[in-house]
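Given the structure is predicted, the values throughout are model-derived calculations rather than measurements.
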Amino acid sequence: MAKQAGKSIQTAAKVIFAAFLILKENGGEMRSRDIQALIPSKVNLTEWETERYEKTGYTRWISMLHFYSVDCIKAGFMQKQKGLWILTPEGEEAMKLGPEEMMRTASKAYRVWKTSSTDAKEEKEVDSPEVVDSPQQQVALLDQYEEMAREGIQNYINAKNPYEFQDLVATLLRAMGYFISFNAKRGKDGGIDVVAYSDPLGTREPRMKVQVKHRPNDAVSVDVVKQLVANLNKPGDVGLFVTSGRFTSESERYARESHRHVELINLERFVSLWQEFYSKMTDEEKNMLPLQPIYFLGVNG
């Protein structure tokens with residue numbers, strides 16, 4: 001058992017370090033599924049590492065990646081936000097230790113946290129990705145289930161055409177309490193896809209001008225965001241840019257510093273808002289992007 005535990009930690013050190021390298025090479029944050037897809041190109045995976053666990057059905061190295069990422073979070077080396085993995089400055093510094101020492105440091109930090117946050121009498125000596133009822137494995141499994149759910153939602157959205165995605169955006173705004181005065185049809189729209197107001201007659205500010213881009217695999221450039229800002233030609237205008245992909249860091253910085261209010265919504269934020277306001281939609285609107293809650297036993301940590 002000790003030999004297998006050591007073997008597991010060696011695999012964890014290898015795949016976690018590879019994930020950190022990928023994060024560092026891509027600006028410090030990425031969707032976990034994209035990191036996972038790139039790891040096999042960074043390391044050689046053995047037959048044992050690519051086997052599936054009988055109890056969970058998950059591939060061994062992928063389970064270890066999620067399982068030991070909990071250690072890295074407790075060590076302050078990384079953060080997770082709705083499917084995004086974020087490399088912290090502390091994590092980038094820890095990479096200088098090399099794969100195995102970095103993993104040992106992270107695991108030590110997890111043990112310190114675990115001891116200080118639970119009754120020592122209830123602690124198990126060793127947590128393992130193969131012990132399904134261990135707290136650490138429950139957190140790791142929840143992480144994987146949530147990632148599967150996010151991927152399913154994303155695939156559903158990706159299958160929409162641009163006008164269907166635009167309708168999703170308009171539906172979300174209505175559920176948030178806005179009144180839609182314009183929803184562009186096929187053809188030229190002058191750079192504005194949706195116009196929304198906070199009252200039925202559009203007499204109160206702000207007037208929200210919305211640009212929608214359905215490009216799941218692309219990052220919206222700063223030049224495209226600037227085009228939206230150029231269309232904010234009245235004092236009470238605000239801009240909203242919604243994409244089924246993401247924004248470049250330059251786009252995000254420009255939006256923060258712009259003299260006109262412009263809000264950016266990427267896919268993750270769109271899905272979060274859809275979940276938040278789902279209960280306020282009609283049944284017909286819900287069916288445009290149907291969600292089903294999944295319940296898990298609560299796990300501390």
Side-chain angles (χ1 to χ4, degrees), residues 26-27 29 31 82-84 153-278 280-282 284-285 288-289:
N26 289 273
E29 64 178 61
R31 294 172 184 163
K82 300 185 184 301
L84 282 180
I153 292 171
Q154 180 174 349
N155 290 339
Y156 189 90
I157 291 174
N158 289 355
K160 301 284 186 182
N161 66 45
Y163 292 96
E164 289 173 330
F165 181 61
Q166 181 178 305
D167 287 339
L168 285 178
V169 173
T171 297
L172 173 61
L173 291 174
R174 276 193 295 269
M176 295 173 72
Y178 291 98
F179 297 85
I180 308 301
S181 67
F182 174 75
N183 188 359
K185 304 303 180 185
R186 294 178 184 271
K188 293 184 178 180
D189 53 31
I192 300 299
D193 298 304
V194 177
V195 177
Y197 290 93
S198 58
D199 70 290
L201 299 178
T203 59
R204 293 199 303 265
E205 295 181 354
R207 175 174 66 168
M208 185 183 297
K209 290 186 171 182
V210 187
Q211 178 85 49
V212 181
K213 293 292 183 187
H214 188 34
R215 298 173 182 172
N217 299 317
D218 295 338
V220 177
S221 70
V222 67
D223 290 337
V224 180
V225 177
K226 286 179 178 179
Q227 291 172 13
L228 172 61
V229 173
N231 277 309
L232 306 179
N233 44 30
K234 287 187 178 181
D237 285 352
V238 299
L240 178 66
F241 206 122
V242 186
T243 178
S244 55
R246 58 190 177 85
F247 296 91
T248 65
S249 57
E250 190 178 3
S251 295
E252 293 172 342
R253 183 171 60 252
Y254 174 79
R256 287 194 302 269
E257 299 173 354
S258 174
H259 65 291
R260 303 302 298 268
H261 186 111
V262 57
E263 197 72 21
L264 305 183
I265 296 182
N266 60 14
L267 179 65
E268 284 76 21
R269 191 176 177 192
F270 174 81
V271 172
S272 293
L273 288 169
W274 188 273
Q275 292 170 327
E276 182 179 349
F277 291 93
Y278 191 68
K280 299 185 181 299
M281 298 177 188
T282 66
E284 184 178 354
E285 290 171 336
M288 297 172 70
L289 179 56

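- Formation of a donor-acceptor pair under 3.5 Å by the D199 side chain with backbone atoms of R204 is found in this model.
- M281 CE to M288 CE: the interatomic distance, rounded to the nearest 0.5 Å, is 8.5 Å.
- Evaluation of the side-chain hydrogen bond (donor to acceptor under 3.5 Å, both in side chains) rule for N266 yields no partner, not counting sequence neighbours.
- Listed by chain and residue number, nothing satisfies the side-chain hydrogen bond (donor to acceptor under 3.5 Å, both in side chains) test with E250 (two or more places apart in sequence, or in another chain).
- Listed by first then second residue, pairs satisfying ring pair (Phe, Tyr, Trp, His ring centres under 6.0 Å) with a partner in residues 204-223 read F165-H214, not counting sequence neighbours.
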Side chain to side chain contact (heavy atoms under 4.5 Å, CB included) between W274 and L168, intermediate numbers included: CA-CA 9 Å; W274 188 273; L168 285 178; 3.6 Å; yes

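- A ring pair (Phe, Tyr, Trp, His ring centres under 6.0 Å) check over residues 225-244, counting only residues at least two apart or in different chains, returns the pairs F241-F247.
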Working for side chain to side chain contact (heavy atoms under 4.5 Å, CB included), residues V238 and E263: CA-CA 8 Å; V238 299; E263 197 72 21; over 6 Å; no

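- For R253, the side-chain hydrogen bond (donor to acceptor under 3.5 Å, both in side chains) test picks out no residue, with sequence neighbours left out.
- Inter-residue side-chain proximity for M208 and Y178 is flagged as met; some heavy-atom pair is nearer than 4.5 Å.
- Between N233 and K209, the shortest heavy-atom contact is OD1-NZ, 3.3 Å.
- Considering all non-hydrogen atoms of both residues, L267 and S244 come closest at CB-O, 3.5 Å.
- A heavy-atom distance below 4.5 Å is found between the side chains of Y156 and L289.
- Separating the CG atom in N183 from the NZ atom in K185 is a distance of 5.5 Å, to the nearest 0.5 Å.
- With sequence neighbours excluded, the residues that form a side chain to side chain contact (heavy atoms under 4.5 Å, CB included) with R260 are V229, L232, D237, S258.
- Y254 OH to D223 CG: the interatomic distance, rounded to the nearest 0.5 Å, is 9.5 Å.
- Rounded to the nearest 0.5 Å, atoms CD (Q166) and CG (D193) are 4.5 Å apart.
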Intermediate values then yes/no, side chain to side chain contact (heavy atoms under 4.5 Å, CB included), V225 and V220: CA-CA 8 Å; V225 177; V220 177; 4.1 Å; yes

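- Pairs of residues two or more places apart, or lying in two chains, never qualify as salt bridge (charged side-chain N to carboxylate O under 4.0 Å, His left out) while including a residue from residues 225-236.
- Residues passing the side chain to side chain contact (heavy atoms under 4.5 Å, CB included) test with F179 are P200, sequence neighbours excluded.
- Residues N161 and Y163 approach most closely at OD1-N, 2.9 Å, considering heavy atoms.
- Evaluation of the side chain to side chain contact (heavy atoms under 4.5 Å, CB included) rule for E29 yields L84, I86 as partners, not counting sequence neighbours.
- Rounding to the nearest 0.5 angstrom, the gap separating the CE atom in M176 from the OG atom in S198 is 12.5 Å.
- Applying the salt bridge (charged side-chain N to carboxylate O under 4.0 Å, His left out) test to pairs two or more places apart or on separate chains, those with a residue in residues 164-183 are R174-E285.
- A search for side-chain hydrogen bond (donor to acceptor under 3.5 Å, both in side chains) contacts involving N158 returns nothing, not counting sequence neighbours.
- When all heavy atoms of S251 and L264 are compared, the closest pair comes out as O-CD1, 3.8 Å.
- Within the 4.5 Å cutoff, no side-chain heavy atoms of V210 are placed close to those of I192.
- Other residues, nucleotides and ligands contribute only 12 or fewer heavy atoms inside 6.0 Å of the CZ atom of R246.
- The side chain to side chain contact (heavy atoms under 4.5 Å, CB included) check on I265 picks up L240, V242, R269, F270, L273, with sequence neighbours excluded.
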